[in-house]
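The first residue of the sequence shown is numbered 1, and numbering continues consecutively from there.
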Amino acid sequence: MHHSNDFQIENKIKSLSAYINKYIVCSIPKVHCNIRIHLEDECYNLVRYLYEAIWTKGNIRAKNITEMLVSISLIDNLLDQVKELSCVPNKKIDNSFSLLTDIKILVQGWKKSVDNEKGN
């Protein structure tokens with residue numbers, strides 16, 4: 001049921017989520033709590049869609065993987081907003097972008113393989 005790729009993605013998502021909570025979320029000023037809330041929500045959604053994709057098949061799995069890519073794009077956008085606020089060291093933001101890019105590449109590969117399965 002679990003593929004090694006699923007675990008690799010799961011571990012990277014957990015690392016990203018922990019990193020963002022430890023270094024990014026806590027540094028966002030209260031006046032920008034909307035950004036903090038959305039960032040936490042999208043990290044949560046990323047985990048949620050991962051588990052939904054793992055436990056589903058076919059079109060529903062493909063939909064959940066697409067939702068993961070949407071969450072990744074939203075997290076990317078929110079990190080851009082945080083970077084503009086200059087409240088978090090650029091190194092921490094860049095590390096977050098790097099973790100997010102690794103996840104995006106893995107998820108895109110997963111999507112491609114699921115799309116190929118559906119094509120057969």
### Message
Ignoring hydrogens, what is the shortest heavy-atom contact between Y19 and K91? Give both atom names and the distance.
### Response
OH-O, 4.3 Å
Distance (rounded to the nearest 0.5 Å) between [X] [atom1] and [Y] [atom2]:
{"X": "I103", "Y": "L46", "atom1": "CD1", "atom2": "CG", "result": "6.0 Å"}
{"X": "L39", "Y": "S96", "atom1": "CG", "atom2": "OG", "result": "8.0 Å"}
{"X": "R48", "Y": "D41", "atom1": "CZ", "atom2": "CG", "result": "11.5 Å"}
{"X": "I65", "Y": "K111", "atom1": "CD1", "atom2": "NZ", "result": "7.5 Å"}

### Query
Do K83 and D94 sit within salt-bridge range, that is, some charged N less than 4.0 Å from a carboxylate O?
yes
### Message
Hydrophobic clustering (ILVMFWY, side-chain heavy atoms < 4.5 Å, transitive) - are I37 and Y23 grouped together?
### Response
no
### Task
Report the residues that fulfil salt bridge (Lys or Arg N to Asp or Glu O under 4.0 Å) with D102, sequence neighbours left out, ordered by chain and then residue number.
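Result, salt bridge (Lys or Arg N to Asp or Glu O under 4.0 Å) vs D102: K12.
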### Task
Apply salt bridge (Lys or Arg N to Asp or Glu O under 4.0 Å) to K63 and list each qualifying residue two or more places apart in sequence or on a separate chain.
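Once residues adjacent in sequence are excluded, the partners of K63 under the salt bridge (Lys or Arg N to Asp or Glu O under 4.0 Å) criterion are E67.
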#### Entry: pair E42-I72: side-chain heavy atoms closer than 4.5 Å
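Contact flag for E42/I72 side chains = no.
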### Query
Does CG in L85 sit with more than 12 non-hydrogen atoms of other residues, nucleotides or ligands closer than 6.0 Å?
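Enclosed: over 12 neighbouring heavy atoms sit under 6.0 Å from CG of L85.
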### Message
Can a donor-acceptor pair be found, under 3.5 Å and without considering hydrogens, that links the side chain of S17 to the backbone of I13?
### Response
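Looks like no, no N/O pair under 3.5 Å.
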### Task
Mind jotting down which residue pairs meet the side chain to side chain donor-acceptor pair (under 3.5 Å) criterion with at least one end in residues 24-40? Sequence neighbours excluded, please.
none
